[in-house]
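Structure first, commentary second.
All values reported here derive from a predicted model rather than from experimental measurement. Chain letters run A, B, ... following the sequence lines, proteins first, then strands; residues in each count from 1.
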Amino acid sequence: MSEQTILSEVKRFIYEAVQQAVSTRRIALRDSEISENGMPAGFGPAQINIEPPRDKAFGDFACNIAMKLTKAYGVAPVELARIIAEFIKAPMFSKIEVKAPGFINFYLSADSIYQTAYNILKLNENFGRVNIGNGIKVNVEFGSVNPTGPISVSHGRQVVLGDIFSSMLEFTNHAAAREYYCNDAGNQIRNLGKSVLVRYRQALGAKIDFPEDGYHGDYVMELAKELIAIHGEKYREETPSDEEVITLFGDYSQIKMLKEIVGVCEKMGVKYDMIYSERSLYTDGIVEKTQEFLKANGLTYEKDGATWFLATKFDDEKDRVLVKSDGKSTYALSDIAYHKTKYDRGFRQLITFLGADHHGYIKRLHAAVGALGVPAETLTILIHQFVTMLKDGQVVRMSKRAANYVELNELIDDVGVDAVRYFFIMRKMDAHLDFDVNLAKSQSTDNPVFYLQYCHARCHGVLNEAKGRGFETSVEQVAALPMDIVKLLNSPEEVAILKRAADFPKIMEECVRNFSPHLLCHYAEDFVKLFQSFYTKGKIDKNFRIVTDDKNLSNARLFLIHVVLITIRNVLKVLKISTPERM
RNA sequence: GGGCCCGUAGCUCAUUUGGAUAGAGCAACUGACUUCUAAUCAGUUGGCGGGAGGUUCGAAUCCUCUCGGGCCCGCCA
């Protein structure tokens, strides 16, 4: 039985206990309360809050229901808790007790703990796969970097967040599609083309000024050199058809940059299912159709020669221009069209990751979804804060090539993919991230990536050692051990490891439901610490060694090793971080 | 002028969405290996949760104000 089912079962037991307390007239609602079969209206098992207490001395689960209901029933919390607890008949607990100020504390029986551990071995690579999504198609858009320059570390954080969150969705039974929306249609591509053209001409000896609002990074010069290699001096002189040259250069550069960006993502282990081109929205007629759709639904109007979208009708701060007075359409229109395609392609849940500088988009994107007649809650926009690089305690300067930020590619080369992935996700996305380069490179337990991987490798090391001494060490063999043997895992340290391992599915659920992938990192570090601590205890006290002359105890501990191994391996797989068997 | 995010130990961060005595890791100090990898572990020190009010059985968490830091507010994308 997984932790999930225990929790929901306990909630039901508590609910039934309240029911019985009412039906046996031990408690009665006050007259001022709206009653539903003697219980407050809307009260059900789902309203019951049960969670592990901070202090282990208060048991494995705690319930605050008595304090919540104290007013409705006019009974003091502790007294009410006693009455409810009397009626709780839950077989998986060895003890249920009431403590001030009104908590009901539950203590798991030893049998249920070992039973859960057996289940972990049985589930093996499926351990932690809770069904949340029922297979629903989810579109996850992230890292939609404009292809006008190299990808920065802050965008890298977004790419990793999106990728790992997608991975978590997949692990919890969602069909996640990773998507990159490529803004290849607008002014910024023209600006890039123009920047490259000026560099091209400068490189060929022309004395012209570089535009103030152009792209200043060294990569623009690299692109210009490539274009010289391709076209020679053909476009050296300014001509009336310069606009065509700008388009030519812009397209070349944009395709090149996109390829580079996607390449860096792949280097990080991120593979997009779809790169959606903004330009294709125009060439496929989707923008036009969307505009007609909006007009037909009375959501547009004309003013000052421009076409406006009635965004305020959907809670946006102001109406937005869709078609400018010069006849060109804006990104606001293509954004609505783009979201239309997501629904048209069968997605019923959309998640979009954006950097902190785009928080102003939240309202307008929700307005866009509203205009399409789709429930606003189907689109979740997740904003993440930026990254500051620290090296030797100092803020790392901007990249010369990128001109205004540190390049992701340089970071990957410096600290490695595993560290980049882990560090980008280990803090909650709401908070600014300080990326300590020295720590990420460190081969010591101060480095959390190393710490987790080392635990994995150590488990394999122990299994190899045991095998060499003639033990049967496969998961199947260990899972077949009788309960009497497994019950030898009875030290507080061993029981704590088994209990904490059992938390994994619940953590996965919290990560997904709260859009908080970082919780998995905190869990993993906490869990691994329990194991490392136990392991080291065996170095000091021979009674705590895993492989000893005591055959039964050794077998029990190999069982424990597999519980740890499965848990840490599954965590690392969700994070898509490598799982070395030897370090 | 309006809006979003953050503020917790010297540093980097948790605190299970309002619960019980606010916890880890660095750093500092004290200890533990003829090893199932010491690439590790145990212990000690360290807090007016930026500040002030409010909401209730109960607040780091919710509300108001305020101070500090980051980021936005275009017929640019």
Side-chain angles (χ1 to χ4, degrees), chain A residues 49 51-55 57-58 62 64 67-68 70-71 76-77 99-103 105 146 148 183-191 213 278 303-308 317-318 320-326 328-332 334-335 355-363 383-386 388 390 393 426-434 436 439 442-448 450-451 453-454 457-459 461-466 468-469 503 506-507 510 513-514 516 518-519 521-523 525-526 529 532-540 545-548 554 557-558 561 582-583:
Chain A
N49 194 5
E51 58 188 23
R54 200 170 290 173
D55 190 337
F58 293 126
N64 61 1
M67 289 178 283
K68 293 274 190 216
T70 185
K71 215 182 235 176
K99 281 265 172 73
F103 287 102
N105 295 331
N146 286 352
T148 53
N183 290 106
D184 53 3
N187 254 339
Q188 80 280 12
I189 299 300
R190 187 189 173 276
N191 193 6
D213 60 347
E278 182 187 8
K303 191 179 94 182
D304 303 333
T307 305
W308 293 71
E317 285 133 9
K318 52 172 102 169
R320 307 285 172 183
V321 171
L322 295 179
V323 183
K324 296 183 273 180
S325 49
D326 65 1
K328 287 182 183 164
S329 49
T330 66
Y331 64 94
S334 54
D335 273 353
D357 53 339
H358 285 65
H359 72 259
Y361 286 27
I362 298 177
K363 282 193 173 173
I383 300 290
H384 70 92
Q385 299 295 317
F386 296 138
T388 302
L390 295 174
M426 69 189 202
R427 303 295 181 220
K428 64 178 171 219
M429 63 182 99
D430 295 335
H432 191 93
L433 175 70
D434 280 334
D436 185 333
L439 182 59
S442 135
Q443 299 283 298
S444 77
T445 47
D446 304 344
N447 180 352
F450 180 88
Y451 194 56
Q453 289 178 324
Y454 188 65
R458 176 169 266 174
C459 286
V462 173
L463 290 175
N464 285 336
E465 169 73 20
R469 294 202 206 174
D503 284 341
K506 189 187 65 191
I507 301 296
E510 280 171 14
R513 287 200 195 283
N514 301 328
S516 303
H518 72 283
L519 295 176
C521 299
H522 293 300
Y523 165 73
E525 288 171 40
D526 187 53
K529 188 181 162 62
Q532 297 288 40
S533 174
F534 173 72
Y535 179 92
T536 306
K537 203 168 163 136
K539 292 188 175 300
I540 295 147
R545 290 187 151 229
I546 290 157
V547 185
T548 63
S554 300
R557 287 189 174 152
L558 290 173
I561 289 288
R582 160 186 296 275
M583 289 169 75

#### Entry: Distance, rounded to the nearest Å, where A:Q385 contributes CD and B:C72 contributes P
11 Å
### Task
Between B:A14, B:U37, B:C75, spot the one nearest the side chain of A:Y454, thanks.
B:U37
### Query
How close do A:A306 and A:V321 get, heavy atom to heavy atom, and via which atoms?
CB-CG1, 4.2 Å
### Message
For the residue pair A:E278 / A:S334, report whether a side-chain donor-acceptor contact shorter than 3.5 Å exists.
### Response
yes
### Task
Nearest whole angstrom, please: distance from the C1' of B:U15 to the NE2 of A:H518.
10 Å
### Residue list, side-chain contact (heavy atoms from CB on, under 4.5 Å) with A:R320, at least two apart or on another chain
A:A311, A:D316, A:E317, A:K318, A:A332, A:R364
#### Entry: Test salt bridge (charged side-chain N to carboxylate O under 4.0 Å, His left out) applied to A:R469 and A:E465, step by step
CA-CA 7 Å; A:R469 294 202 206 174; A:E465 169 73 20; 2.8 Å; yes
### Message
To check you understand the geometry: which heavy-atom pair defines the closest contact between A:R427 and A:H522, and what is its length?
### Response
NH1-CE1, 4.1 Å
### Query
Considering only the C1' atoms, how many Å lie between B:G58 and B:A20, rounded to the nearest integer?
10 Å
### Task
Between B:C62 and B:A14, how far apart are the P atoms? Round to whole Å, please.
15 Å
### Close side-chain approach of A:K506 to A:Y523, heavy-atom, < 4.5 Å
no
### Message
Checking base pairs now: Watson-Crick or wobble, both atom distances under 3.5 Å. What partners B:G18?
### Response
none
### Message
What's A:Y523 touching, base or sugar-phosphate or nothing? Going by heavy atoms closer than 4.0 Å.
### Response
nothing
### B:C75 phosphate, OP1 or OP2, under 4.0 Å from A:K328 side-chain N/O
no
### Query
Would one find a side-chain N or O of A:S533 under 4.0 angstrom from OP1 or OP2 of B:A42?
yes
### Task
Could you tell me the separation between the CG atom of A:D357 and the P atom of B:C6, rounded to a whole number of Å?
16 Å
### Task
List the protein contact pattern of nucleotides 17-29 of chain B with one symbol per nucleotide (5' to 3'): B for base contact, S for sugar-phosphate-only contact, - for none; contact means a heavy-atom distance under 4.0 Å.
B-BB-S-SSS---
### Query
Going by distance alone, is a donor N or O of one side chain under 3.5 Å from an acceptor N or O of the other, for A:Q532 and A:R458?
yes
### Query
Of all the choices, B:U37, B:G74, B:C41, which nucleotide is nearest to the side chain of A:K318 once you look at every atom?
B:G74
### Message
What verdict does the side-chain contact (heavy atoms from CB on, under 4.5 Å) test give for A:F103 and A:N64, after you've listed the backbone C-alpha separation in whole Å, the side-chain angles of each residue and the deciding distance to 0.1 Å?
### Response
CA-CA 5 Å; A:F103 287 102; A:N64 61 1; 4.2 Å; yes
### Query
Start at the 5' end of RNA chain B and walk down; is the nucleotide closest to A:D184 or to A:P77 reached first?
A:P77
### Task
Using whole Å, report how far NE2 of A:H384 lies from P of B:C72.
13 Å
#### Entry: Separation of the C1' atoms in B:G3 and B:A9, to the nearest angstrom
33 Å
### Task
Locate the shortest heavy-atom distance separating A:F58 from A:P53; write the atom from each residue and the value.
O-CG, 3.6 Å
### Message
Under 4.0 Å, counting only non-hydrogen atoms across every strand here, what does A:K363 touch: a base, just sugar-phosphate, or nothing?
### Response
nothing
### Task
Using the C1' atom on both, measure B:C48 against B:A59 and round to a whole Å.
15 Å
### Task
Under 4.0 Å between any heavy atoms, over every strand shown, what does A:G355 touch: base, sugar-phosphate, or nothing? Just pick one.
nothing
### side chain to side chain donor-acceptor pair (under 3.5 Å) involving A:D526 - partner list, sequence neighbours excluded
A:R500
### Message
I'd like the P distance from B:C41 over to B:C4, given in whole Å.
### Response
43 Å
### Task
Could you tell me the separation between the CZ atom of A:F450 and the P atom of B:U37, rounded to a whole number of Å?
14 Å
### Message
Counting the atoms with a prime plus P, OP1 and OP2 as sugar-phosphate, which does A:A457 contact under 4.0 Å by heavy atoms, base, sugar-phosphate, or nothing?
### Response
base
### Query
Over how many whole Å does the gap from A:L439 atom CG to B:C13 atom C1' extend?
12 Å
### Message
Checking contacts here: which listed nucleotide (B:C41, B:C76, B:U15) is nearest the side-chain heavy atoms of A:L519?
### Response
B:U15
### Message
As a test of the definition: with a 90° window around 0 for syn, would you call B:U64 syn or anti?
### Response
anti
### Task
Please work out if A:D326 contacts a base, only the sugar-phosphate, or nothing of the nucleic acid, heavy-atom cut-off 4.0 Å.
nothing
### Task
Using a 4.0 Å heavy-atom cut-off across all strands, classify A:M426 as base, sugar-phosphate, or nothing.
nothing
### Message
Ignoring hydrogens and geometry beyond distance, is the side chain of A:S325 in donor-acceptor contact with the base of B:C75 at under 3.5 Å?
### Response
yes
### Task
Please determine, for B:G7, whether a Watson-Crick or G-U wobble partner exists with both distances under 3.5 Å, and give it or none.
B:C67
### Query
For A:R427 and B:U15, what is the distance between atoms CZ and C1' respectively, to the nearest whole Å?
14 Å
### Task
For B:G7 versus B:C11, give the span between their P atoms, rounded off to a whole number of Å.
14 Å
### Query
When you compare B:G69 with B:A22, how far apart are their P atoms, in angstrom units rounded to a whole number?
31 Å
### Task
Find which nucleotide of RNA chain B each of A:A356 and A:S329 is nearest to by heavy atoms, and output the residue with the more 5' nucleotide.
A:A356
### Query
Applying a 3.5 Å limit to both distances, which nucleotide forms a Watson-Crick or G-U wobble pair with B:U45?
none
### Query
Among the nucleotides B:C75, B:U12, B:U16, which one has an atom lying closest to any side-chain atom of A:P52?
B:U16
### Query
Heavy-atom distance under 4.5 Å between the side chains of A:T148 and A:N191, does that happen here?
no
### Message
Counting the atoms with a prime plus P, OP1 and OP2 as sugar-phosphate, which does A:E525 contact under 4.0 Å by heavy atoms, base, sugar-phosphate, or nothing?
### Response
nothing
### Query
Quick one: the side chain of A:H359 and the base of B:G3, do they pair up donor-acceptor inside 3.5 Å?
yes
#### Entry: side-chain N/O A:K324 vs B:C76 OP1/OP2, d < 4.0 Å
yes
### Task
With P as the reference atom in both, quote the distance from B:C65 to B:G47 in angstrom, rounded to an integer.
32 Å
### Query
Paired with B:C62 by Watson-Crick or G-U wobble geometry, both distances under 3.5 Å: which nucleotide is it?
B:G54
### Task
Take the protein atom CD of A:Q532 and the nucleotide atom C1' of B:U37, then report the distance between them rounded to whole Å.
11 Å
#### Entry: For B:G23, the Watson-Crick or wobble partner whose two distances fall under 3.5 Å
B:C13
